[in-house]
Amino acid sequence: MIKDLKQFISTYRYSLLLLYLPLYLAAFFIIDNIPAEHYIISCPLDEFIPFNQYMIIPYAIWYAWFPGWLLFFLLRSGEEFKRLAVVMFSGMTISLIIYVVWPNGIDLREPITGTDVCSSMLKLLRSVDTPYGVCPSIHISSIMAIALVIQDSKLPVFTDTAKAYCIVIALMIAYATMATKQHSIVDVAAGALLSVVLYYIYPAVYKRWKWLREL
């Protein structure tokens with residue numbers, strides 16, 4: 001197994017970027033549980049988005065969407081994988097820094113009274129996901145990074161129709177974060193903007209980071 005792993009890393013050297021993920025997860029859970037006075041994020045438009053427990057289904061798609069596309073680009077296009085990983089992971093890092101220097105949260109969650117499967121799923125999510133560390137939304141910044149890379153991808157699998165489907169799914173996930181009251185519109189907008197900015201400054205970063213070009 002170790003030999004196979006070494007062979008895989010030798011073939012896909014840029015896969016080493018994935019070592020960031022366990023560090024991110026550890027940092028996220030530590031920061032998420034630091035006692036602090038949180039600034040409550042709110043927007044009048046949030047009141048126009050009705051709570052819908054069934055939207056936990058597209059919300060949950062993210063948990064496959066995020067690692068699935070990382071793996072896809074890892075195996076199919078090294079350069080596009082590196083762009084996705086750097087934009088996505090930079091967004092995560094910046095978000096974590098913001099959560100530390102500007103602790104924030106939401107006060108949108110209402111009691112879940114339903115007993116259906118989707119209500120139970122949402123209750124489970126809320127039991128492990130605090131309403132803090134929400135702006136910018138890492139959920140949104142990551143799907144925006146994926147969407148941008150897919151739209152610019154040169155891989156033949158991404159026809160105009162395929163790209164359109166990916167955009168629709170990304171929008172569904174984004175809406176689901178608000179309909180389940182996991183995020184405010186402000187969080188969503190900030191997360192999307194963060195990835196857009198990082199995506200368009202990536203070429204300049206790529207030119208300066210020799211180690212990244214050599215992966």
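Quick note: residue numbers are just sequence positions, from 1. Remember, it's a predicted structure, so these values are computed and weren't measured experimentally.
- Heavy atoms only, all atoms of each residue included: Leu17 and Phe89 are closest at O-CE1, 3.3 Å.
- Listed here is the closest heavy atom pair of Leu84 and Trp69: CD2-O, 4.1 Å.
- Interatomic distance, Ile41 CD1 to His183 NE2, rounded to the nearest 0.5 Å: 11.0 Å.
- Contact annotation: the side chain of Ile49 approaches that of Ile185 to within less than 4.5 Å [non-hydrogen atoms, C-beta and beyond].
- Other residues, nucleotides and ligands contribute only 12 or fewer heavy atoms inside 6.0 Å of the OH atom of Tyr165.
- Side chains of Phe8 and Thr11 form no contact here, defined as non-hydrogen atoms less than 4.5 Å apart.
- One finds the CD1 atom of Ile140 at 11.5 Å from the CD atom of Gln182 (value rounded to the nearest 0.5 Å).
- When hydrophobic side chains of Ile, Leu, Val, Met, Phe, Trp and Tyr are connected at separations under 4.5 Å, Leu171 ends up clustered with Ile167.
- Under the 4.5 Å side-chain criterion, counting only non-hydrogen atoms from C-beta, Val134 is not in contact with Ser184.
- The closest side-chain heavy-atom distance from Leu148 to Val87 is not below 4.5 Å.
- In terms of the ring-ring contact (aromatic ring centres under 6.0 Å, His included) criterion, Phe51 has no residue partners (sequence neighbours excluded).
- Residues Ile98 and Asn104 form a side-chain contact, since some pair of their non-hydrogen atoms from C-beta on lies under 4.5 Å apart.
- Put simply, the side chain of Arg83 reaches to within 4.5 Å of the side chain of Pro203, judged on heavy atoms.
- Ile61 contributes atom CD1, which lies 8.5 Å from atom CD1 of Ile57 (distance to the nearest 0.5 angstrom).
- Within the model, atoms CD1 of Ile106 and OG of Ser42 stand 11.0 Å from one another, a figure rounded to the nearest 0.5 Å.
- Met88 places a side-chain heavy atom less than 4.5 Å from the side chain of Phe66.
- Of the inter-residue distances, the one linking Ile56 atom CD1 with Arg126 atom CZ reads 9.0 Å to the nearest 0.5 angstrom.
- Checked against the 6.0 Å centroid criterion, the rings of Phe158 and Phe72 qualify as a close aromatic pair.
- Taking both residues in full, the closest heavy atoms of Arg13 and Leu215 are given as O-CD2, 3.8 Å, listed atom of the first, atom of the second, then distance.
- One finds a salt bridge joining Glu79 and Lys82 here, because a Lys/Arg side-chain nitrogen approaches an Asp/Glu carboxylate oxygen to under 4.0 Å.
- In this pair, Phe81 and Tyr14 present their aromatic rings tilted. The plane angle is within the 30 to 60° band.
- The heavy-atom pair separating Val186 from Cys43 by the smallest distance is CG2-CB, 3.7 Å.
- Closest approach of Tyr132 and Asp32 over heavy atoms only: O-OD1, 3.3 Å.
- At a cut-off of 3.5 Å, with distance as the only test, a side-chain donor of Ser142 or Trp62 sits close to an acceptor on the other residue.
- Considering all non-hydrogen atoms of both residues, Gln151 and Lys163 come closest at O-NZ, 2.9 Å.
- For the pair Tyr99 and Leu96, the minimum side-chain heavy-atom distance is below 4.5 Å.
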